[in-house]
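Data block below; observations after.
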Amino acid sequence: MPAHAAEALETIQVTATRRAESTFQVPVATDVVDRDAIRAAAPQTVMEALRGRAGAYGQQTTPGQGTVILRGLKGSEVLHVVDGFRLNNAIFRNAPTQYVALVDSQSLSRIEVVRGPMSSLYGSDAMGGVVHMLTLEPSFAGSEWQASGLLRSMYGSADDSTLSRAEGAFGHERLVVSGGATYQDVNDRRVGGGEELPYTGFTASAADAKVRAMVGAGNELTLSLQYSEQPQTPRYDELTPGYGESLPTSAVYWFEPQRRDFLQLRWRGSHPTAAWDSAEAQAGWQRIEDGRRYRDFGSDNEDRESNVDTSRGLTFQASKSVGAGHYLTYGVDLYEDDVESSRTRTNITTGTTSSRTPRFPDGSTMFQAGVFVADDWSASEQVDVLGAVRWNTSRTRLPASGAFDATSVEDDGFAANLGVARTLTENVRMVVNLGQGFRAPNVFDLGTFGDRPGNRFNVPNPDLESERVTTLDAGWKVQSDRLDGELIGYYSRYRDKITSVLTGEVTDSGRLIVQSRNAARLELYGAEFVLRYRPSDSVDWHTQLTWTRGEETLAGDDHPADRIPPLNGSAGITWRPATDWTLDGWLNFADRQDRYSPRDEIDPRIRPVSTPGWTTWNVRAAWEASEHVYASLQYGNIGDRRYREFGSGLDAPGRGIVLTLELRM
């Protein structure tokens, strides 16, 4: 077998250990989705690039948005990171969120997923895992000025959508200037069987720029800018009747606008000193705007909201080889969030406008800081040990508002993890990892006042504490010239879980009043299976399977946990009949889900009694016509199956093609 083919199975990650290391070597469950896999997925949002991956499940309340569920957890229970900077902010909710869609999938070079708690390295929110999105960083060799460029165009027939991407770079080995822009135009979605869903079209635009320069020996500076916006996206589940409803909840409901701006300056040092072999420091600024316009069905009062979270962060980390077999990684991170929130109400009949209680207390702040150290220890030729510990502090302050008095919530504590990998044979490793995770209550948990999905209305609760989880993972990893994969089982136990609880009251418009409380205990357990087999250099078999189970105890009552995905996965084959052709065939599938939590049972987005299982068959042909021309044609959901992923707010696309064309310079 050629050497390059064997090397293709070796995958390097940086997220699980905060330094470059093989996924086979680390004692935790990981997944890497590279640039080619992202392109092949033809995603409208980042979430869709992870569909069918082990341990991950997609949820979509409305088109143009979507969230990734890891090990049964979602929203702020999973840490989302972009180029080392937290996407999670003070208004992230512990439920499906739309904010991941504000990262342009077309600008990414890879997505790294770590499954299981990573709070010892990343702090709050890293309970179900970490989704790390890394943007492109073009490079050139030699001292001569060079340039590269790409034009990509995509068309999808199921929603008559177009996507255009232009990117380019110029420079040499010591200086690279790069950038790109993306525009999407999506029309109403056609689902299996031919029905076209109203309120499912949207537009989105994004742009990014990056300057990387070598400044002296072993010192690199990078300045990055990112922008993305959805100016007006309809909320489908509010505008159409759900299960058990004869009328929609809202006559008007638009996310207007959703926007993210990001600025980052990064230094990397590769020149060894007494304190480190390599080091990195970052200063970042992020602004996320969550604007909304809505009016309840049958009402004359239309509300407009402006919710803005501004995050500022400073991080430093360094790595150093110490003694015999020890490799230390240590660092510090600080983040501060400011929240601006306002709401006005206009009577569309009289034109009268008045101020209303905002969704979040205007002027709220959240400060988080942590110090961590990790030791990657080669205890022997067969045993590797990875241990990490973090001290973290958070301070969330809410000013007085119409909903409650001024309050301050403080939380300090430690988190740790210990992983062991033992080599059984040259190609098989047994891994065990015991990890802790925590999530400090943020402004959303403490102070939200307003509508929630599923015909609910949230009222604040400033009396919350951090929720914590302990997880035990165990399993095997396999890697050889022809085969790689992993089988991981896990058990997670939560304390003081923050959950949305019915208060028993109802608003004048009929919404159920809920409040976040440290009211639940939760046990999650499951298994994740990944196998890739290459019988020849031209054929690649792959399969991924995820099983998750959850049991929650609330007010002394034991019941299934909320929004737990059913058994799901994917399987397929890739054949390369020639160097310039790639043919794929695969299926995505999910079993029936009938283990509903009490909240699932009353959620109008979820089919009563049970959500049917489903399977879709898909094929794709890709042609590398030359080093400058690439084309692919994907035919998805060939059987035109009408189905809905459990917990989503609308049915998935029906039969359709996705055509991708690329021109490269």
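Computed from heavy atoms alone, side chains included, the values below leave out hydrogens, waters and symmetry copies.
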Under 3.5 Å, is there a donor-acceptor pair linking the side chains of Gln98 and Arg93? yes

For Tyr490, what residues pass the ring pair (Phe, Tyr, Trp, His ring centres under 6.0 Å) criterion, not counting sequence neighbours? none

Set of side chain to side chain donor-acceptor pair (under 3.5 Å) partners for Arg429, sequence neighbours left out: Gln25, Asp384, Thr423

Under the ring pair (Phe, Tyr, Trp, His ring centres under 6.0 Å) test, residues paired with Phe316 that sit two or more places apart: Trp276

May I ask you to check whether Ser205 and Tyr227 show a side-chain donor-acceptor distance below 3.5 Å? yes

Between the side chains of Gln258 and Asp290, does any donor sit under 3.5 Å from an acceptor? yes

Judged by modelled atom types alone, do Lys210 and Thr135 share a side-chain donor-acceptor pair under 3.5 Å? yes

Hits for side chain to side chain donor-acceptor pair (under 3.5 Å) against Ser466, two or more places apart or cross-chain, chain-then-number order -> Asp411

Are more than 12 heavy atoms, taken from residues, nucleotides or ligands other than His271, located less than 6.0 Å from that residue's NE2 atom? no

Extract all donor-acceptor atom pairs below 3.5 Å that involve side chains of residues 144-151 and protein atoms in other chains or at least two apart in sequence.
unit_1, atom_1, unit_2, atom_2, d
Gln146, NE2, Ala141, O, 2.8
Gln146, NE2, Glu144, O, 3.1

State whether the number of non-hydrogen atoms from other residues, nucleotides or ligands found under 6.0 Å of Glu173 atom CD is greater than 12. yes

Short side-chain to backbone donor-acceptor contact, Asn94 and Ile498, under 3.5 Å: yes

Would you say the side-chain atoms of Tyr57 and Gln59 include a donor-acceptor pair closer than 3.5 Å? no

If we count only N and O atoms by modelled type, under 3.5 Å, do the side chains of Gln230 and Thr233 hold a donor and an acceptor together? yes

Please check: side-chain N/O of Asn89 versus main-chain N/O of Phe92, any donor-acceptor pairing under 3.5 Å? yes

Do Arg18 and Gln317 pair up side chain to side chain, a donor and an acceptor below 3.5 Å, judged on atom types alone? yes

Where at least one partner belongs to residues 23-52, residue pairs that pass ring pair (Phe, Tyr, Trp, His ring centres under 6.0 Å), sequence neighbours excluded: none

Would Met366 and Arg397 satisfy side-chain contact (heavy atoms from CB on, under 4.5 Å), going step by step from the backbone distance to the final call? CA-CA 6 Å; Met366 185 174 186; Arg397 305 188 189 282; over 6 Å; no

Check whether the side chains of Ser341 and Asn307 place a donor and an acceptor atom closer than 3.5 Å, and report yes or no. yes

Any chance the side chains of Arg390 and Ser120 put a donor and an acceptor closer than 3.5 Å? no

Do the ring planes of Phe85 and Tyr335 sit parallel (below 30°), tilted (30 to 60°) or perpendicular (above 60°)? perpendicular

Could you verify whether a donor N or O on one side chain and an acceptor N or O on the other, from Ser311 and Asp309, lie under 3.5 Å apart? yes

Under a 3.5 Å cutoff, is there a donor and acceptor pairing between the side chains of Ser76 and Asp125? no

